[in-house]
Each structure stands twice: as C-alpha cells, then as structure tokens.
Amino acid sequence: MADDDRIGRASAFLASGTIVSRVLGFVKAIIVAATIGVVGSAGADAFAVANGLPNTVYVIVAGGVLSAVLVPQIVRAGSHADGGGAYINKLLTVALVILAGATIIATALAPLLALLYGATLPPATLDLAIAFAWWCLPQIFFYGLYTLLGEVLNARRSFGPFTWVPVLNNIVAIAGLLVFATLFGVDPDGTRSADAWTPGMVAVLAGSATAGIAAQALILFWFWRRIGLRYRPDFAWRGVGLGTAGRMAGWTFGMLLLTTLAGIVQSLVLGTASGSDNASVAAVDYAWLIFMLPHSVITVSIATAYFTRMSEHAARDDHDKVRDDVSSAIRGITLIINLAAAVLLVIAYPFAAVFETGSFPDTAALGNVVIAFTLGLVPFSMLFVVQRTFYALGDTRTPFRFTLFQVIVFTAGAFSCLLLPKDLLAAGIALVTTIACMAQLTVAAWLLRRRLDTLDGRRILGGFARSLAALVLPLLAGVGLLILLGGTVEGGFAVSGIFGAVVSMAVIGTVMAVLYFGGLWLLRSPELRGFATPLVARLRRG
C-alpha cells in the first residue's frame, strides 16, 4: 500500500507539472495561431513542417532509444558500487557525441530534410519552410540533452524536474512571440503570403522556439547537482554493459525509422491541401496538440511513475508483479482517460475556436480533426502502457514488430485519403491514425499476454465496463449543454471566440466530470474508491 501511495504521489506531482507546462503550451499555441494563423496559412504550414523536423530527426537518432533503454539500464546499474554514477557519465558522453554529430549533419541537410517532408507544398511555402529549418534543427541536440538528463532524474525517483522545466521553455518561446508581434504585427487569418516573410521575421519566430528548448535542457544540470550527480565526460566506454544497451537500441532504432516513414507519408499527403482554405499540416499539428493534452497529463504522469517500479520488478524477473503493475496502470489510467475522451469529443468545436477564431467553417474543420484523433485516445493511452512494459522487460524487438504492423495500416490508409475531397483530407488522416492505433493495440496486447501468460483481463474489462456505463448520462448532458451554448452553429456563444469557448468548455467539462464520478461511486467502482479512500482519510485527519 505504501508503494502504491508513493506512485500516487509521484503521479500527482508529475501531473501538476505537466498541467502547468501544458497550459503555458496552449497559451503559446494560441499566440502562434493569433500571430500567423492556422487554416489556410502558408506561414503556419511552413513553420509546422520546419519546427517538426528537429523532433523527427531526434527521435530517429536517439529519442525513443533513450526512453526504451535508459531507465531499465540505469535501474540495473544502481547495483554497482558507485550507484551507477560511472555508467551514467559514460552513457551521457556517448549519447551527447552522437547527438552533436546528428545535429551538425541535420542542420547542414536542412534543405533536403524540408523537401523530404514538404515536397507537396507550394514552392514559396517550401522555401519558407527551408528558411525556418536552418533555425529549428539545432533543437535536436537540446531535445536529446533534456531527455538524457530528465530520464536519469526519473530513474533516481526525482520525477518533478522532467515535467516542470518545460514551463521555462514555454516562457522563453512566448516572450519571443510577443517580440515578433511587436516588431512585425499579427496575421490571425493567415493572409500573409510566404514571399512576405523576411529573414528577420524567420529568425525571431524560429530562433525563440530553439532558445526555449535550449533553456529547458540546460537547467536540468542544476537539478542533477541537487541529487548529488556530477557529469564528467568519460570516453572509456568499454566494459560497462553498453553493448547490451546498444543491442536493445537497435530494434528501437528500426521502430523509429518506421514511424518516421509514416510521418513523411502524413506530411506529403497533407501538403496537397496546403495553399488553400483547407485544413492542412498546421491544423493537424494543432489538433494533435489538443489530443495530447489529456494523454500527457493523465497517461504519461501515471505510466512514468509505474515504469520505474515495473523496471525494478522486471530486473528481478518477477513477472507476477510486472503483470500487477500493468493491470494497475491501465485501470488507473482508463478510469480518468475515458472521461477525458468523452469530454474532448463534446467540446471539440469550442476547443478549436480557441485557436481558429476566423469563420465557423474553419473552426469546424479543425474541430473535426480533433474528433477523429480523440476517438483513438483511450487505445493510444493503453498502447503507451503496453509498449513501456516491453521496454521494462528489456524487449525492444516486439515493439518493432507491432509498430511495423501499425505503419503498414497507416500508410495504406493515408494514401487512400488522397481520394477524399481536400476539405476532408486532414480529418481523414486523423481517423486513419486512430484506426491504425487500435489495430496496433490489438496486436501488442496479444503479444504481451503471451509474454506474461495473462493480463488480468477480467479486472481490466470490468473496470472499463463500469466506466462506460457511468459515461452515458455525462455524454447526454454534455451534448445538450453544447447545443444550448451554441457550439454547433455559426455565431454561437461556445464558438464565438476564446472567452466563449473557455467558459463553455469549463461548464461542460465540470458537469460531465461530476456526473461521471458520481456514477462511478454509485457503481462502487473499486478503481475510484482506491483513489478516493486515501484522500478522504487525509481530509478527515486534517
């Protein structure tokens, strides 16, 4: 019970940091949308392509490899006489050398990389994307540094910094956006042509984005010092078990190449709708940002706290406890993520109105993409737990197999979307993403069940069924409130602007949450009571 309480406290602390950073992230996104537009904006599409490149290259080179390999290996290294300090220094040194080399090469190849993702963009928009890319690609090194330092902190059970320091990133980026708006003015409707962008405008917008990522990474060195870690470059990489990490990383590297291929396909397909009034690359980016809010706050916060314990149990080959961890994590996550998905489906149009303040058709276009993504929120969150379980078990080959399956399904579906009218293309891509995720989860869960003999399916399905039953009344009430607040018609209060949208989302979300948790309490949900009982006990003691 004490261990579960510790995980609960860690999850809550992670969630609080994520909420603050995500709120600021949304503020930043709102300012970006108000500054350069969303739907039909050449500048927004070009910046979306260029600012996505560092993430993509970083993920190929090291991103998922570090997440998949780092925590389990550091947990195992904790048994060393020095508590794993020498191993950490060696691992960090080799990773930073790789990241620095990748950053230099990628930046030199900026035109080629932009062309790879933006070949279907109009020529002027592609040229602008290349200009942005020169400034954005140095982010690769700082993304890697942030992940390395943060994952080491997580493995040492210092969970807070990894989720709180993105606040600094957002503050720096917001300051840069305000400088941009002051110097060059705003274009919320996205009418500024690609040719109208000057080198100074590109430097301020993209340069401030890179400065934010750098600040987010470098400040983690201070937190290292607080827990007694000191980084000293160590190039003696033999004899510390890095070969094991390398073999694990090989399959993860292949998996990331597959997801990158899917990302290229998505960008090229969406690029065919750019240069018109249709939702395209930027719109899908904004919809994904909305989709990722509940996933980051709920799923990542809970799963990250479980991952360290899961790795410890796997290191002892205690599969019974690993299975219990999987069951507890999934039931705890779905208890809340089911509500989040239901609320997000209802408030998709008001949420879109926060970013797209133009005409109602533009708001609806963005809202439809959000709805298509949200249909896959629950399976996406469950897949996150299943995938991390394989990583804890030291198995990166199996995730490669079910990711290959997902990429095949997605690629076929994405090319099929080219048959859709341009105004439905973005929503079609989002729906294909959802379908591919559901298929991937089915295969991944089956493979994990074979590995662990069972997945505690009875308790997981029982909790899921209670959750769905408790959602019936909240969904009806939420849809009724949405219609009452004018969230489905031109000029309605809920889609009239940021104020109306935020108020409407708050009202709908609150009502749905009260009805949902009240329903779960009446259904005697053990998952809810497991969360609520310690809280009630503390309140009584207080």
Side-chain angles (χ1 to χ4, degrees), residues 19 22 26 29 38-39 279 283-299 333-356 360-384 424 426-438 441 463-489 492-495 500-520:
I19 289 171
R22 285 286 170 172
F26 273 102
V38 181
V39 175
V284 168
D285 275 7
Y286 277 94
W288 185 254
L289 176 69
I290 295 171
F291 168 85
M292 286 297 290
L293 175 63
H295 175 75
S296 301
V297 172
I298 300 165
T299 306
I333 289 168
T334 54
L335 176 76
I336 309 173
I337 206 72
N338 285 338
L339 170 65
V343 172
L344 196 50
L345 285 172
V346 175
I347 65 170
Y349 279 23
F351 218 147
V354 172
F355 299 98
E356 183 51 72
F360 180 72
D362 287 347
T363 299
L366 181 56
N368 289 336
V369 181
V370 174
I371 290 171
F373 273 135
T374 303
L375 292 172
L377 178 58
V378 175
F380 185 77
S381 296
M382 295 174 69
L383 178 65
F384 186 85
L424 297 178
I429 285 290
L431 186 58
V432 166
T433 302
T434 291
I435 294 170
C437 177
M438 291 177 176
L441 174 62
F464 201 79
R466 282 187 294 270
S467 178
L468 291 181
L471 276 174
V472 174
L473 183 58
L475 275 170
L476 293 174
V479 172
L481 283 171
L482 179 69
I483 295 172
L484 185 64
L485 292 168
T488 58
V489 295
F493 175 74
V495 292
V502 171
V503 170
S504 300
M505 287 191 292
V507 170
I508 294 171
T510 301
V511 170
M512 291 182 69
V514 169
L515 291 174
Y516 174 69
F517 289 118
L520 282 176

**Message:** I'd like to know if the side chain of Ser296 and the backbone of Met292 have a donor-acceptor N/O pair within less than 3.5 Å.
**Reply:** yes

**Message:** Angle between ring planes, Phe291 versus Phe373, binned at 30° and 60°: parallel, tilted or perpendicular?
**Reply:** tilted

**Fill in**
For Leu482 and Thr488 the tightest heavy-atom approach is CD2-CG2, 4.0 Å

**Item:** Pairing residues for Leu431 by the side chain to side chain contact (heavy atoms under 4.5 Å, CB included) criterion, not counting sequence neighbours
**Value:** Ala372, Leu375, Ile435

**Fill in**
Rounded to the nearest 0.5 angstrom, the CE-CG distance for Met505 and Leu481 is 14.0 Å

**Request:** Would you please test Phe380 and Thr434 for side-chain contact (heavy atoms from CB on, under 4.5 Å) and show each step?
**Result:** CA-CA 8 Å; Phe380 185 77; Thr434 291; over 6 Å; no

**Prompt:** What distance do Thr374 atom OG1 and Leu344 atom CG have between them, rounded to the nearest 0.5 Å?
**Reply:** 3.5 Å

**Asked** Which atom pair, heavy atoms only, marks the closest approach of Ala287 to Val369?
**Response** CB-CG1, 3.4 Å

**Fill in**
Between the CE atom in Met438 and the OG1 atom in Thr433, the distance rounded to the nearest 0.5 Å is 11.5 Å

**Message:** Do Ile336 and Thr299 make a side-chain contact, defined as non-hydrogen atoms from C-beta onward lying under 4.5 Å apart?
**Reply:** no

**Side-chain touch Phe493/Val503, heavy atoms, less than 4.5 angstrom** = yes

**Message:** Just to verify, which of Val343, Leu471, Leu377 counts as forming a side-chain contact (heavy atoms from CB on, under 4.5 Å) with Asn338?
**Reply:** Leu471

**Message:** Measuring from atom CZ of Phe517 to atom CG of Leu335, what distance do you get when rounded to the nearest 0.5 angstrom?
**Reply:** 6.0 Å

**Item:** Least distance between heavy atoms, Ala477 atom then Leu515 atom
**Value:** CB-CD1, 3.7 Å

**Asked** Do you know the tightest heavy-atom contact between Ala352 and Gly367?
**Response** CB-N, 3.6 Å

**Message:** Using 0.5 Å steps for rounding, measure from the CE atom of Met512 to the CG atom of Leu473.
**Reply:** 9.5 Å

**Message:** In the structure I gave you, are the side-chain heavy atoms of Trp288 and Val370 within less than 4.5 Å of one another anywhere?
**Reply:** no

**Prompt:** What distance separates Ile347 CD1 from Ile290 CD1, expressed to the nearest 0.5 Å?
**Reply:** 8.5 Å

**Message:** If you compare all heavy atoms of Gly376 against all heavy atoms of Cys437, which two are closest, and at what distance to 0.1 Å?
**Reply:** O-SG, 4.3 Å

**Prompt:** Do Pro474 and Val511 come close enough that some side-chain heavy atom pair is under 4.5 Å?
**Reply:** no

**Complete:** On a heavy-atom basis, the closest approach of Ala341 and Val378 is CB-CG2, 4.1 Å

**Prompt:** Going by the angle between their ring planes, with limits at 30° and 60°, are Phe355 and Tyr286 parallel, tilted or perpendicular?
**Reply:** tilted

**Asked** Is the closest side-chain heavy-atom distance between Ile298 and Ser381 below 4.5 Å?
**Response** no

**Message:** Just checking Phe26 against Phe351, ring centres under 6.0 Å apart?
**Reply:** yes

